[in-house]
Amino acid sequence: MYRVAEFFVGFTLCLVLTSVLLPLLKKLKIGQEILSYVTEHQAKAGTPTMGGIAFVIAIAASALIFCDLSDRTILVAVAVFVAYGVIGFLDDFIKLRYKRNLGLRAYQKILFQLAVAVFVGLYVYGNVVVGSKLRLPFSVKSVDVGFWVIPLVVFIFVACTNGVNLTDGIDGLATSTTMCFLVGMIVLLFRERAMSESVGDTYAVETLDNIVTLCIVSVGALWAFLLFNVNNAKVFMGDTGSLALGALVACVAIFTRMSLFIPVVGLMYVVSCVSVIVQVVYFKLSGGKRVFLMAPFHHHLQQKGWSESRICALYCFVTVATTLILACFGE
């Protein structure tokens, strides 16, 4: 029942906040600008954006209510989640304030993100519970990467924030995919908790309990936001939401030593990033030819005639399937 309460508090807070925020965004005319070459989305121009504010506040508040705040790791996780949300908010605000599709300059955004990521890397390396050990997928074994955990953490944050940001291209896609990712991590974390409990690692059990709580309240909040964000979306999350969710994905994996699980459970984030990289590289090397009709991959599917709801269903199915494979075939 306690876990159910965590879900419903996250859900209710986000539902109320989004309901209050939506008319305010409309009144302030905080609407999304659509890139000219994305012709399928021209009808969405002016849809309120920055809706991620609602679930950032809801998740942070719910986590502080239910988590054991004597555990410094969960405080760092929540602080980093909010920090990336603030970076995204600044990016969105500049776009809207100066009526341009680019907000923070690329170097400004990456500097802010790297500063937070380096802090997390240093924290992880010096933390006795998390440390430099990484759990191996499909195995009970771990590998100790030593000092290299710091650059690895930085890379994970860059990859995850870009992965979620690129996936946030059609109604409900980033929201539903991240929700499924977190549900998958909850399943895997319960197994990790049982293993830690069996060897008497009480500190790891406490951290895992708190991260599970963070995941549950996040699933509740994202479920509520999805009611407004599913096709046809009444509100978009903006970079405020996508950068915060990318940081959340990174924190959940990093603070449970499950960083190497991200490419499996978060396979669709990888697809988003790789499809863009492949498209850009091939376009330049081939003199203007393309591998995909449009990148990221979900836009390619749109060009092939797939509906937005069908694409969301595919991404969620793949995320659930990869989790089940890990859960069933992991030792």
Undergrad: Is it the case that one hydrophobic cluster holds both L166 and V271, taking links as side-chain heavy atoms less than 4.5 Å apart, direct or via other members?
TA: no

Undergrad: Hydrophobic clustering (ILVMFWY, side-chain heavy atoms < 4.5 Å, transitive) - are L188 and V320 grouped together?
TA: no

Undergrad: Minimum heavy-atom separation for L13 to A61, with atom names?
TA: CD1-CB, 4.1 Å

Undergrad: Report yes if the side chains of L182 and L248 come closer than 4.5 Å at any heavy-atom pair, otherwise no.
TA: yes

Undergrad: When rounded to the nearest 0.5 angstrom, what distance separates SG in C316 from CD1 in I311?
TA: 12.0 Å

Undergrad: State the CG-CG distance between D71 and D209, to the nearest 0.5 angstrom.
TA: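 With rounding to 0.5 Å, CG (D71) is 9.5 Å from CG (D209).
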
Undergrad: Indicate yes or no: at least one non-hydrogen side-chain atom of L114 is less than 4.5 angstrom from one of V158.
TA: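 With C-beta onward as the side chain, the pair touches.
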
Undergrad: Using 0.5 Å steps for rounding, measure from the CD1 atom of I94 to the CD atom of Q108.
TA: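 If we round to the nearest 0.5 Å, I94:CD1 and Q108:CD are 6.5 Å apart.
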
Undergrad: Please name the pair of heavy atoms, one in C67 and one in L214, separated by the smallest distance, quoted to 0.1 Å.
TA: SG-N, 4.4 Å

Undergrad: Please walk me through it: do V120 and F255 pass side chain to side chain contact (heavy atoms under 4.5 Å, CB included)?
TA: CA-CA 10 Å; V120 178; F255 291 141; 3.8 Å; yes

Undergrad: Can you tell whether the side chains of R257 and D144 come within less than 4.0 Å, N to carboxylate O?
TA: no

Undergrad: Does W306 have more than 12 heavy atoms from other residues, nucleotides or ligands lying within 6.0 Å of its CH2?
TA: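 Yes.
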
Undergrad: Can you say whether the rings of F7 and F11 are parallel (under 30°), tilted (30 to 60°) or perpendicular (over 60°)?
TA: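 Taking F11 first and then F7, their aromatic rings lie parallel (interplane angle under 30°).
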
Undergrad: Kindly compute the distance separating OG (S176) from CZ (F181), expressed to the nearest 0.5 Å.
TA: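 Result: 14.0 Å between the selected atoms.
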
Undergrad: Taking side-chain contact (heavy atoms from CB on, under 4.5 Å) as the criterion, tell me which of V270, T322, T323 meets it with V264.
TA: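 Running side-chain contact (heavy atoms from CB on, under 4.5 Å) over V270, T322, T323 with V264 returns exactly one hit, T322.
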
Undergrad: Test T175 against M237 for side chain to side chain contact (heavy atoms under 4.5 Å, CB included), laying out the working first.
TA: CA-CA 9 Å; T175 308; M237 68 173 66; 3.1 Å; yes

Undergrad: Quick check: do F228 and L15 have side-chain heavy atoms less than 4.5 Å from each other?
TA: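 They are in contact (side-chain heavy atoms under 4.5 Å apart), so the answer is yes.
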
Undergrad: Going through the distances and angles, do Y123 and R72 end up as a side chain to side chain contact (heavy atoms under 4.5 Å, CB included)?
TA: CA-CA 10 Å; Y123 173 80; R72 188 179 299 173; 3.8 Å; yes

Undergrad: Rounded to the nearest 0.5 Å, what's the gap from OG1 on T49 to CG on D239? Could you check?
TA: 8.0 Å

Undergrad: Return the minimal non-hydrogen interatomic distance between A244 and T240, and the atom names on each side.
TA: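 The answer is CB-O, 3.4 Å.
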
Undergrad: Do H300 and Q303 meet the criterion of a side-chain donor-acceptor pair at a distance under 3.5 Å?
TA: no

Undergrad: Do T177 and T319 have side-chain atoms, one donor and one acceptor, less than 3.5 Å apart?
TA: no

Undergrad: Taking atom types as modelled, is there a side-chain donor on T256 or E192 under 3.5 Å from an acceptor on the other?
TA: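 No donor-acceptor contact under 3.5 Å links the two side chains.
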
Undergrad: Quick one: closest heavy-atom pair of K26 and P48, and the distance?
TA: CG-CG, 3.7 Å

Undergrad: Taking the side chain as every heavy atom from C-beta outward, state whether I216 and F66 have any atom pair closer than 4.5 Å.
TA: no

Undergrad: Is there a path from F89 to V82 through hydrophobic residues (I, L, V, M, F, W, Y) whose side chains come within less than 4.5 Å of each other?
TA: yes

Undergrad: In terms of hydrophobic clustering (I, L, V, M, F, W, Y; side-chain heavy atoms under 4.5 Å; direct or indirect links), are L17 and L24 co-clustered?
TA: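 They do share one cluster, since a chain of ILVMFWY contacts under 4.5 Å joins L17 to L24.
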
Undergrad: In terms of relative ring orientation, are F225 and F55 parallel, tilted or perpendicular, with 30° and 60° separating the classes?
TA: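 Rings of F225 and F55: perpendicular, over 60°.
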
Undergrad: Considering only heavy atoms from C-beta outward, does the side chain of E206 approach that of V129 to under 4.5 Å?
TA: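 With C-beta onward as the side chain, the pair stays apart.
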
Undergrad: Could you tell me which non-hydrogen atom of V78 sits nearest to which non-hydrogen atom of A63, and how far apart they are?
TA: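 In terms of heavy atoms, the two residues are closest at CG2-CB, 3.9 Å.
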
Undergrad: Pick out which of V274, T161, T167 makes a side-chain contact (heavy atoms from CB on, under 4.5 Å) with Y269.
TA: T167

Undergrad: Verify whether one side chain among R135 and S259 offers a donor that lies under 3.5 Å from an acceptor in the other.
TA: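 R135 vs S259: no donor-acceptor pair found between side chains.
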
Undergrad: Q302 pairs by side chain to side chain donor-acceptor pair (under 3.5 Å) with which of K304, H298, H299?
TA: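 For Q302, the side chain to side chain donor-acceptor pair (under 3.5 Å) test succeeds with only one of K304, H298, H299, which is H299.
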
Undergrad: Just so I know, are the side chains of L245 and L222 near enough to count as touching, which here means a heavy-atom distance under 4.5 Å?
TA: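 Yes, close enough: below the 4.5 Å cut-off.
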
Undergrad: Can V124 and I254 be said to form a side chain to side chain contact (heavy atoms under 4.5 Å, CB included), step by step?
TA: CA-CA 8 Å; V124 167; I254 290 167; 3.6 Å; yes

Undergrad: Might you point out which heavy atoms bring L189 and M258 nearest each other, and give the distance in Å?
TA: CD2-SD, 3.5 Å

Undergrad: With a 4.5 Å cut-off on side-chain heavy atoms, are M185 and I211 touching?
TA: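 No, side chains not in contact.
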
Undergrad: Please report the interatomic distance CG(D91) to CG(N165), rounded to the nearest 0.5 Å.
TA: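 That separation rounds to 8.5 Å.
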
Undergrad: Looking at side-chain heavy atoms only, is the closest gap between L301 and L314 below 4.5 Å?
TA: yes

Undergrad: Applying side chain to side chain donor-acceptor pair (under 3.5 Å) between D171 and each of N229, T47, N231, report the one that passes.
TA: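 Answer after filtering N229, T47, N231: N231.
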
Undergrad: Where does the angle between the aromatic ring planes of F297 and Y315 fall among parallel (under 30°), tilted (30 to 60°) and perpendicular (over 60°)?
TA: parallel

Undergrad: Transitively linked via ILVMFWY side-chain contacts under 4.5 Å: I110 with F155?
TA: no

Undergrad: Test your reading of the model: is there a side-chain donor-acceptor pair from Q113 to the backbone of F157, 3.5 Å cut-off?
TA: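 No; zero donor-acceptor contacts below 3.5 Å.
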
